[in-house]
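One structure is given below, encoded as structure tokens.
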Amino acid sequence: MRLVSPTIVRLGVKSIFGRWRGVLLFVLPLVLVGLAVLARALVGQSEEGSQHTLYGLGLVVVVPLVALLATSGLLAPEIDDGSISYLLAKPVPRSTIVLSKLVVAVACVLAFASVPMLLAGLVLRTDDPSVAVGFALGSVLGGTAYCALFALLSVVTRHAVVVGLVYLLVWEGLLGGLLDGVRWLSITRWSAEVADRVAGLTLVAQLPLTYALAAGVVVIVGGTWLTGRRLRAFNLTGDE
Amino acid sequence: MTEIRIDHVSRWFRNVVAVNDVSMTIGPGVTGLLGPNGAGKSTLIALMSGFLAPSAGTVTLDGEPLWRNEQVYRRVGLVPEREALFDYLTGREFVVANAELHGLPDPGAAAERAIALIEMSDAQDREISTYSKGMRQRIKMASALVHDPPVLLLDEPFNGMDPRQRIHLMELIRTMGAEGRTVLFSSHILEEVEQVARQIEVVVAGRHAASGDFGAIRRLMTDRPNRFVLRTADDRKMASVLMADPSVRGARLRAEGGIELEASDFGRFSEVLPRLAREHGVRLHEVTPTDESLESVFSYLVSS
């Protein structure tokens, strides 16, 4: 059996761009690149300014939101309205269903978060392309990990989008800014560490790159596996 | 020969028991799962289609467990009750996708065959979001039939269908059963079930209340004592006249006027009542059955 089902990928792409969420996916990167162009035109090249845009807006806001929109748009509505039963009532391994959905979600992250990050970085820092590359690579790690996490949320709770947003605001945003120790358990900070190392910045202090990478992989593999497991024991009941 | 066996199955959700120690075997031919709303029909179908684990007991398809066993879907076609479909696809795209997911060698041809079978060829290139309730039901049916499964499970398939579509679907279900498939459908309407099903299983409040061919179930349902309230020009006379007839088991004059009557043989009673009234010159003002609701029929079955 194939690991990824082309049929589920095709259905996934259609479902994302067949809903209003699809429009939001275009808006977020446009804002990021637009702001980068504006900053460059008004302020010129500045190390601090580019970091504010690429980190504060890019890694902290755009990457997780694109991952949340893409992943929850792929799983949560189908679980909510029960149409996932048409995928589940098939002799297809549950891991294949999850992997196929994640392929679409990660492709969205690449197209609507990582590529715009690269563009925004290149616009902001023509003198140092390593900044753009660093942030783009960081967004790949962070975005993929967020997709796996939000996929798991989608099969665990019916309020995946709300729980995901609260997690982003409270844990990654509020507590991450206040408490230093959160960096050990923060996907955004792991992705920032990748940007740090590639571009020679210090967005996050005292976080080994190997730890950041390993933690990201644990979330990606663990989230995918747990999602598949959960889907295998999926309870579908009627309206009774 | 394909057989679904439910063996001493119970299913509870926290402290609510949805299915209570049910045992039944669904074999080839059409079986109707009859019961009032909330009786546990959908829970039973979810158990039989591997979408719910039994809290106790076992559910098997030819000896294989259905829970956590996605390979059984090669042999099972499921038509869920819920309306939701992939609305952004056309009917044809939807059925083709189902065929692909089954790994069929020629998904296009399989989809075409299934769509022709349920007579949706004309509307197959329209988006599902434009479909009526009956069309949705039929395209769901096509998706369940696309891999030609020996087992077909349908949850309330006649809901929302107009009479013509209903007759067509009944015809289709009968054909499926005659071909030797194991077909099970649920319904809360006796007339619907007895027109299609050879075998009827009745569930009430999570319990298996009765089982048999439609003749046996029909007899169980019509032979039960029927209660009526009569209002006549002369209650006392009418009551004594009716008591003399064997179809009546008891009569009581109500303080507020009228007769409370229990008939044991509904067929005879309905024939005798107007005749006796005319012969004795008593005018009938009102004849009201007091327990005709389906729920009372079902509760009678449970208590017997």
Side-chain angles (χ1 to χ4, degrees), chain A residues 1-23 73-101 104 155 158 226-240, chain B residues 11 13 16 18 35 37-47 49-53 67-89 93-103 107 127-129 140 143-144 146-147 149 153 155-156 159 186:
Chain A
M1 201 68 202
R2 281 172 300 198
L3 276 174
V4 170
S5 152
T7 308
I8 299 177
V9 170
R10 200 179 69 229
L11 292 176
V13 171
K14 283 205 169 190
S15 86
I16 281 192
F17 296 106
R19 296 171 211 252
W20 60 269
R21 282 169 205 268
V23 181
L74 279 170
L75 272 166
E78 286 177 12
I79 292 172
D80 255 5
D81 67 18
S83 59
I84 189 130
S85 63
Y86 295 99
L87 299 184
L88 292 176
K90 298 288 181 296
V92 177
R94 276 40 186 154
S95 54
T96 303
I97 297 178
V98 176
L99 279 176
S100 310
K101 295 268 185 192
V104 180
V155 294
R158 288 194 166 236
L226 284 172
T227 309
R229 218 177 106 96
R230 176 84 189 178
L231 218 48
R232 191 148 196 237
F234 186 72
N235 283 349
L236 190 86
T237 40
D239 292 328
E240 282 192 38
Chain B
R11 170 70 209 201
F13 298 97
V16 179
N37 287 326
K41 300 188 298 291
S42 288
T43 307
L44 272 171
I45 288 188
L47 286 161
S49 53
F51 279 117
L52 202 58
W67 178 241
R68 289 196 181 176
N69 183 7
E70 58 251 18
Q71 290 306 317
V72 295
Y73 295 118
R74 288 186 194 286
R75 283 179 286 154
V76 176
L78 173 68
V79 182
E81 183 186 4
R82 296 180 73 170
E83 285 277 303
L85 287 163
F86 298 115
D87 278 6
Y88 45 87
L89 299 179
E93 285 172 337
F94 176 64
V95 181
V96 169
N98 276 278
E100 289 174 1
L101 288 169
H102 274 296
E127 228 171 71
I128 292 177
S129 56
K140 274 154 70 174
S143 80
V146 75
H147 59 304
L153 303 170
D155 199 354
E156 296 280 354
N159 268 3
S186 68

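All heavy atoms count here, side chains included; hydrogens, waters and symmetry mates do not. Throughout, protein chains are lettered first and strands after them, A, B, ... in sequence-line order, and every chain is numbered starting at 1.
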(message) Measuring from atom CD of B:Gln71 to atom NZ of A:Lys90, what distance do you get when rounded to the nearest 0.5 angstrom?
(response) 13.5 Å
(message) Using a 4.5 angstrom heavy-atom cutoff, name the option from A:Pro77, A:Ser15, A:Ser5 with the most pairs to chain B.
(response) A:Ser15
(message) Please classify the contact between A:Ser85 and chain B as side chain, backbone, both or neither, with a heavy-atom cut-off of under 4.5 Å.
(response) both
(message) Is there a side-chain contact between B:Tyr88 and A:Ile16 in this structure, where contact means two heavy atoms from C-beta onward sitting under 4.5 Å apart?
(response) no
(request) Would you mind telling me which of A:Ala89, A:Ala233, A:Gly82 has the largest number of heavy-atom pairs within less than 4.5 Å of chain B? (result) A:Ala89
(message) So, taking the atom named CZ in B:Phe86 and the one named CD1 in A:Ile84, what distance separates them when rounded to the nearest 0.5 Å?
(response) 7.5 Å
(request) Working to the nearest 0.5 Å, report the span between CG of B:Leu101 and CD1 of A:Ile97. (result) 7.5 Å
(request) Could you tell me whether the side chain of B:Glu70 reaches within less than 4.5 Å of the side chain of A:Leu88, counting heavy atoms only? (result) no
(request) Report the residues that fulfil salt bridge (charged side-chain N to carboxylate O under 4.0 Å, His left out) with A:Arg158, sequence neighbours left out, ordered by chain and then residue number. (result) A:Asp80
(message) Under a 4.5 Å cutoff for heavy-atom pairs, which residue among B:Asp87, B:Leu85, B:Asn69, B:Leu78 has the most contacts with chain A?
(response) B:Leu85
(request) Measure B:Arg11 against the heavy atoms of chain A and call it side chain, backbone, both or neither at under 4.5 Å. (result) side chain
(request) State, yes or no, whether a side-chain contact exists between B:Leu89 and A:Lys14 at a heavy-atom distance under 4.5 Å. (result) yes
(message) Please classify the contact between B:Ile45 and chain A as side chain, backbone, both or neither, with a heavy-atom cut-off of under 4.5 Å.
(response) neither
(request) Examine B:Phe94 together with A:Tyr86 and report whether their ring centres are nearer than 6.0 Å. (result) yes
(request) For A:Arg10, enumerate each residue passing the salt bridge (charged side-chain N to carboxylate O under 4.0 Å, His left out) test, keeping only those at least two apart in sequence or located in another chain. (result) B:Glu100
(request) With a 4.5 angstrom heavy-atom cut-off, could you sort out which part of B:Ala53 is near chain A: side chain, backbone, both or neither? (result) backbone
